[in-house]
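Values below: all heavy atoms of this structure, side chains included; hydrogens, waters and symmetry mates excluded. Residues take their numbers from the sequence shown, with the count starting at 1.
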Amino acid sequence: MKNLKGKKVLVYGLGGSGSAASKLLHSLGACVSVYDEDKKFRSLFCFDEEPLSHKFDLVVVSPGIKVIGNSLISGFRARKTPVISEIDLGSRYCRGKLIAVTGTNGKTTTCSLLGKIFEEAGKDTFVCGNIGLPISSIALKSDKKSYIVCETSNFQLELSESFSPDVACVLNIEEDHLDRHESFGEYVRVKNKIFQNCKGSCESVVNLDDEGAMRLNLPKKVNFFSFNPLKKGISVKNGCIYNGKTRIISVDDIPLIGKKNVSNVMAAVAIACLCKIKPKFIQSAIMHFSPPPHRLEYVDEINGVKFVNDSKSTNIACVKMAIESLEGQKIVLMLGGQNKDLNFEKFFEERPKISRCICFGEAGETIHAAATRFGYQSECFETLKEATLYAKREAEAGELVLLSPGCTSFDEFSSYAVRGQIFTELVRSES
């Protein structure tokens, strides 16, 4: 259903994506109604108090809305009313080359770098999706020459029916968001939806080194990237990233910390090469790339103690990657926040290479108990502030204090970015 003029459409969820979807629908001539559980939106003239009592031609659901156990979504499905994701809506009206990047970790860094590469090559570029700018907000601004880089989360894919990127990339698959999807199997099923409409001219890019990604139902046409040498594809040989036999860049010239970021760079290189971007533009963009904040971000060194802000780390897989990226350092690990039903017992059982733990927040006691059970020295505090000030007092010269929480921030803060900013301010303060 591409012609929505005069059609009755309900937008369910009025965060950034829902608001963008409403504006796009309105500009397409649809009769838009909106619904959200938050009472603050009820004063809107188009708010529908009882959506199931009215007939709609289409329902567009924002990524913030949980699907499993949702009676409203079940009610519309029972009536055979089409229910789609906001990325389905936005992507229908995008013109140009649509690139979708998903994975448990590394999406934002990869998409930001891709945007930089395309801009370096002089391309009309939009970076959107889970990165902050809804795809519905840029759809009508794109044209046939545009490159649309869409960071695609599992929340966006959950209700996706028609999302059909020209390039679909999977970085990695690890346990995450079990509080929303209820099982790892369901999380994997949702991630796999990035390939559901991948056919014909669609290209896929997949991390050959990642066990989870390789378990997906991959399309026939796959472009791999790997740390191991490949005859065809993107790989690391003799300390450099190659596209087949073509040298792209030395790993030493990548201004990002750790092995996980080299993997993200390889993914971006693979996509850029598929889009026929010249190596000189790819190399220049990588060398001048500033990573997004709160991702293994160096904060300061105080009395011989280094502090690193990895507040974006909201799952155990990301914590592991951060530790591996800082191999050789004596790490004091700060963990805590609001857990997503992830298993920290298993994390400590695997013996991560850290010297000790500082736990905090809603999940602090649980994480602290798991750490001590497996013999790690651990302290526990109610708040991030208390934990950070303790780290500043007690960390010794030669240690590295790593904030890589493995949890969401919502017990104390509105976002991981606010949490990371508070940590940074506390580290740099005189207290």
Side-chain angles (χ1 to χ4, degrees), residues 1-5 7 9 11-30 32 34 58-65 84-103 107-169 193-194 197-198 202-203 205 267-268 271-272 274-275 277 285 289-290 292 415 417:
M1 189 192 298
K2 195 159 184 180
N3 184 5
L4 294 174
K5 190 171 183 179
K7 300 293 184 182
V9 184
V11 175
Y12 181 12
L14 282 172
S17 295
S19 298
S22 299
K23 290 175 184 176
L24 174 58
L25 288 163
H26 181 73
S27 67
L28 294 168
V32 184
V34 299
L58 178 69
V59 177
V60 179
V61 182
S62 297
I65 302 300
I84 65 171
S85 169
E86 181 266 335
I87 59 165
D88 284 355
L89 176 72
S91 62
R92 287 179 188 179
Y93 299 95
C94 281
R95 291 154 286 189
K97 201 167 192 74
L98 177 58
I99 297 156
V101 178
T102 198
K107 297 184 294 296
T108 300
T109 298
T110 305
C111 289
S112 299
L113 176 55
L114 273 170
K116 179 85 173 170
I117 290 170
F118 290 130
E119 286 170 6
E120 188 82 16
K123 306 297 183 183
D124 180 38
T125 308
F126 297 93
V127 180
C128 62
N130 193 57
I131 202 166
L133 191 65
I135 192 169
S136 292
S137 69
I138 61 92
L140 299 182
K141 298 174 184 176
S142 62
D143 59 33
K144 289 182 180 179
K145 293 182 179 179
S146 297
Y147 285 80
I148 301 110
V149 181
C150 183
E151 180 182 325
T152 311
S153 73
N154 49 299
F155 291 1
Q156 292 166 312
L157 287 168
E158 195 170 7
L159 281 172
S160 174
E161 297 292 337
S162 61
F163 186 59
S164 180
D166 297 294
V167 180
C169 172
K193 292 183 80 173
I194 196 166
N197 299 305
C198 197
C202 173
E203 299 274 5
V205 173
I271 294 167
L274 283 174
C275 296
I277 303 299
F289 179 65
S290 297
S415 69

Engineer: Starting from the C-alpha separation in whole Å, work towards a yes-or-no answer on side-chain contact (heavy atoms from CB on, under 4.5 Å) for Val205 and Val167.
Structural biologist: CA-CA 7 Å; Val205 173; Val167 180; 4.1 Å; yes
Engineer: As an exercise, state the distance from CD of Glu151 to OG1 of Thr110, rounded to the nearest 0.5 Å.
Structural biologist: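 Glu151 atom CD to Thr110 atom OG1 measures 8.5 Å (nearest 0.5 Å).
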Engineer: Can you name the nearest heavy-atom pair linking Gly115 to Val127, along with the distance?
Structural biologist: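 Between these two residues, the closest heavy atoms are CA-CG2, 3.7 Å.
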Engineer: Tyr93 pairs by side chain to side chain contact (heavy atoms under 4.5 Å, CB included) with which of Leu4, Ile135, Ile138?
Structural biologist: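 The option that passes is Leu4.
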Engineer: Looking at Lys123 and Glu119, would you say the former's side chain and the latter's main chain have a donor-acceptor pair under 3.5 Å?
Structural biologist: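 Not at all, since once roles are kept as given, no pair shorter than 3.5 Å links the two residues.
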Engineer: Rounded to the nearest 0.5 Å, what separates atom CD1 in Ile194 from atom SG in Cys169?
Structural biologist: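 That separation rounds to 7.5 Å.
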Engineer: Heavy atoms only: give me the nearest Gly18-Val11 pair and the separation to one decimal.
Structural biologist: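 So the two residues come closest at O-CG1, 3.5 Å.
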Engineer: Got a donor-acceptor contact below 3.5 angstrom from the Asp166 side chain to the Leu98 backbone?
Structural biologist: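 It does hold such a pair.
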Engineer: Looking only at side chains, do Ser85 and Glu158 share a donor and an acceptor under 3.5 Å apart?
Structural biologist: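 No, no side-chain donor-acceptor contact under 3.5 Å.
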Engineer: For Arg95 versus Lys144, what's the shortest heavy-atom pair and its separation?
Structural biologist: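 Distance-wise, the nearest heavy atoms are CB-N, 4.0 Å.
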Engineer: Quick one: do Cys111 and Ile99 satisfy side-chain contact (heavy atoms from CB on, under 4.5 Å)? Show the steps, please.
Structural biologist: CA-CA 9 Å; Cys111 289; Ile99 297 156; over 6 Å; no
Engineer: Does a donor on one side chain and an acceptor on the other come within less than 3.5 Å for Ser146 and Asp143?
Structural biologist: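 Ser146 vs Asp143: donor-acceptor pair found between side chains.
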Engineer: What is the minimum heavy-atom distance between Val32 and His26, and which atoms define it?
Structural biologist: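 Between these two residues, the closest heavy atoms are CG2-N, 3.9 Å.
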Engineer: For the OG1 atom of Thr152 and the CG atom of Leu157, what is their distance to the nearest 0.5 Å?
Structural biologist: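 Taking OG1 in Thr152 and CG in Leu157, the distance rounds to 6.0 Å.
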Engineer: Rounded at 0.5 Å granularity, tell me how far CD in Glu120 sits from CD1 in Ile277.
Structural biologist: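 Taking CD in Glu120 and CD1 in Ile277, the distance rounds to 10.5 Å.
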Engineer: Might you point out which heavy atoms bring Ile131 and Ser112 nearest each other, and give the distance in Å?
Structural biologist: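 Between these two residues, the closest heavy atoms are CD1-OG, 3.5 Å.
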Engineer: With a 4.5 Å limit on heavy-atom distance, are the side chains of Phe126 and Val149 in contact?
Structural biologist: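 Not touching, per the 4.5 Å side-chain cut-off.
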Engineer: Carefully, step by step, assess Ser137 and Leu24 under the rule side-chain contact (heavy atoms from CB on, under 4.5 Å).
Structural biologist: CA-CA 7 Å; Ser137 69; Leu24 174 58; over 6 Å; no
Engineer: Does the side chain of Lys5 come within less than 4.5 Å of Leu28's, by heavy atoms?
Structural biologist: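 Result no, sub-4.5 Å side-chain heavy-atom pair not found.
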Engineer: Between Thr102 and Asn154, is there a side-chain heavy-atom distance shorter than 4.5 Å?
Structural biologist: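 Answer no - side chains too far apart.
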Engineer: Quick check against the 3.5 Å criterion: does Asp88 have a side-chain atom that pairs as donor or acceptor with the backbone of Phe163?
Structural biologist: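 Checking the backbone N and O of Phe163 against the side chain of Asp88, a donor-acceptor pair under 3.5 Å is found.
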Engineer: Nearest 0.5 angstrom please: Ser162 OG to Ile84 CD1, how far?
Structural biologist: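 That separation rounds to 6.0 Å.
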Engineer: Might you point out which heavy atoms bring Gly129 and Cys150 nearest each other, and give the distance in Å?
Structural biologist: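 Closest approach of Gly129 to Cys150: CA-SG, 3.9 Å.
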Engineer: Working to the nearest 0.5 angstrom, can you tell me the gap between Ser62 OG and Gln156 CD?
Structural biologist: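 It is 10.0 Å, given to the nearest 0.5 Å.
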Engineer: Evaluate side-chain contact (heavy atoms from CB on, under 4.5 Å) for Val59 paired with Val9, printing each intermediate quantity in order.
Structural biologist: CA-CA 6 Å; Val59 177; Val9 184; over 6 Å; no
Engineer: Heavy atoms, side chains only, cut-off 4.5 Å: are Ser142 and Tyr147 in contact?
Structural biologist: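 Sidechains of Tyr147 and Ser142: no contact.
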Engineer: Just one of Pro165, Ser91, Cys128 clears the side chain to side chain contact (heavy atoms under 4.5 Å, CB included) bar with Ile148, so which one?
Structural biologist: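 Only one option passes, and that is Cys128.
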Engineer: Do Ser136 and Glu86 pair up side chain to side chain, a donor and an acceptor below 3.5 Å, judged on atom types alone?
Structural biologist: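 Yes - a donor-acceptor pair under 3.5 Å links their side chains.
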